[in-house]
Amino acid sequence: MSTTDSNKTVVKDFIDGLFTKGDLGAVDTHLAEDFINHDPPFGVTPDREGMRDAGSMMRAAFPDWHSDLHALIAEGDLVVERFTAGGTQRGEVMGVPPTGKTVSLPGINIWRLRDGLIVERWGRLDDLGFREQLGVAS
């Protein structure tokens with residue numbers, strides 16, 4: 001398997017593990033100790049624990065949260081992921097009590113890997129659209 005194919009597998013396994021399966025240990029398995037998240041979502045910290053918190057928060061509010069992969073492109077040490085995540089709100093999130101609504105969150109992430117581990121993330125999520133679906137944005 002080439003390095004780019006291996007990097008794609010690491011990213012896919014991380015996303016599937018943390019966000020689709022709710023395995024908080026995916027952070028320890030796939031993120032380097034010095035991981036930096038350049039665009040941390042929803043006010044989490046820009047480190048490994050922030051990614052774990054993001055996964056935990058989404059799974060607590062949306063127990064069926066999953067990420068559908070639309071494209072996974074790699075070159076060198078970079079992997080680009082285009083996805084739509086979503087789930088049904090069964091718990092509180094961002095101060096919003098459970099609504100039973102199904103919401104979606106499209107986005108694009110760029111991941112940089114080193115020695116088989118993810119070391120950086122840059123992302124663009126449709127935060128505004130997500131907040132509008134929850135009723136916390138106008």
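In what follows, every heavy atom counts, from backbone to side chain, and hydrogens, waters and symmetry copies are set aside.
- Listed by first and then second residue, the salt bridge (Lys or Arg N to Asp or Glu O under 4.0 Å) pairs involving residues 61-80 are D77-R112 (not counting sequence neighbours).
- Between the side chain of H66 and the backbone N or O of A85 there is no donor-acceptor pair closer than 3.5 Å.
- Linking Ile, Leu, Val, Met, Phe, Trp and Tyr whenever their side-chain heavy atoms come within less than 4.5 Å puts L18 and L125 in one cluster.
- Side-chain atoms of R121 do not come within 3.5 Å of backbone N or O of N109 as any donor-acceptor pair.
- Shown here for M94 and V136, the closest heavy-atom pair between the two residues is O-CG1, 4.3 Å.
- Between F19 and M51 the shortest side-chain heavy-atom distance falls below 4.5 Å.
- Here the side chain of R82 pairs no donor or acceptor atom with the backbone of G107 at under 3.5 angstrom.
- Using a 4.0 Å cut-off between a side-chain N of Lys or Arg and a carboxylate O of Asp or Glu, R131 and D127 do not qualify as a salt bridge.
- In this model, no donor atom of one side chain and acceptor atom of the other lie less than 3.5 Å apart for E120 and W111.
- A distance of 3.5 Å separates CH2 of W65 from CE of M58, quoted to the nearest 0.5 Å.
- Summarising the geometry, atom OG1 belonging to T3 is positioned 13.0 Å from atom NZ belonging to K8; distances are rounded to the nearest 0.5 Å.
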Using the rule given for side-chain contact (heavy atoms from CB on, under 4.5 Å), can you reason through I118 versus V11, listing the C-alpha separation, both sets of side-chain angles and the distance that settles it, and then say yes or no?
CA-CA 8 Å; I118 300 169; V11 168; 4.3 Å; yes
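- For the pair Q89 (side chain) and G91 (backbone), a donor-acceptor distance under 3.5 Å is present.
- Ring orientation note: the planes of W122 and H38 are close to parallel, at an angle under 30° on the 30°/60° scale.
- The shortest heavy-atom contact between L24 and G55 is CD2-C, 4.2 Å.
- Taking CG of L105 as the reference point, atom OG1 of T84 lies at 8.5 Å (rounded to 0.5 Å).
- Remark: the backbone N or O of T20 is paired with a side-chain donor or acceptor of R59 at under 3.5 angstrom.
- Between the side chain of Q133 and the backbone N or O of S104, at least one donor-acceptor pair lies under 3.5 Å.
- Counting only distance, with no hydrogens or angles, the side chain of N37 and the backbone of P46 share no donor-acceptor pair below 3.5 Å.
- F42 and F83 fall within a single hydrophobic cluster, where Ile, Leu, Val, Met, Phe, Trp and Tyr are joined by side-chain heavy atoms under 4.5 Å apart, directly or via other members.
- A pairwise comparison of heavy atoms in A61 and V93 identifies CB-CB, 3.5 Å as the closest pair.
- When only modelled atom types and interatomic distance are considered, D5 and S2 share a side-chain donor-acceptor pair under 3.5 Å.
- The two atoms that bring L134 and F62 nearest to each other are CD2-CZ, 4.2 Å, heavy atoms only.
- Connection of L72 to F14 is established within a shared hydrophobic cluster, with ILVMFWY side chains joined at heavy-atom distances below 4.5 Å, either directly or through further cluster members.
- No hydrogens or angles considered: a donor-acceptor pair under 3.5 Å links the side chains of T102 and T88.
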For D16 and K21: C-alpha separation, side-chain torsions, deciding distance, then whether salt bridge (Lys or Arg N to Asp or Glu O under 4.0 Å) applies.
CA-CA 6 Å; D16 286 346; K21 295 176 183 167; 5.8 Å; no
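- With rounding to the nearest 0.5 angstrom, the CG atom of L113 is 11.0 Å from the OG1 atom of T4.
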side-chain contact (heavy atoms from CB on, under 4.5 Å) for L78 and I110? Distances and angles first, verdict last.
CA-CA 7 Å; L78 297 176; I110 301 171; 4.3 Å; yes
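- Between V10 and L117 there is no side-chain heavy-atom pair separated by less than 4.5 Å.
- Rounded to the nearest 0.5 Å, atoms CD1 (I36) and CG (L31) are 12.0 Å apart.
- Between D34 and R48, no side-chain nitrogen of the basic residue sits less than 4.0 Å from a carboxylate oxygen of the acidic one, so the salt-bridge criterion is not met.
- In terms of heavy atoms, E81 sits closest to S67 at OE2-OG, 4.1 Å.
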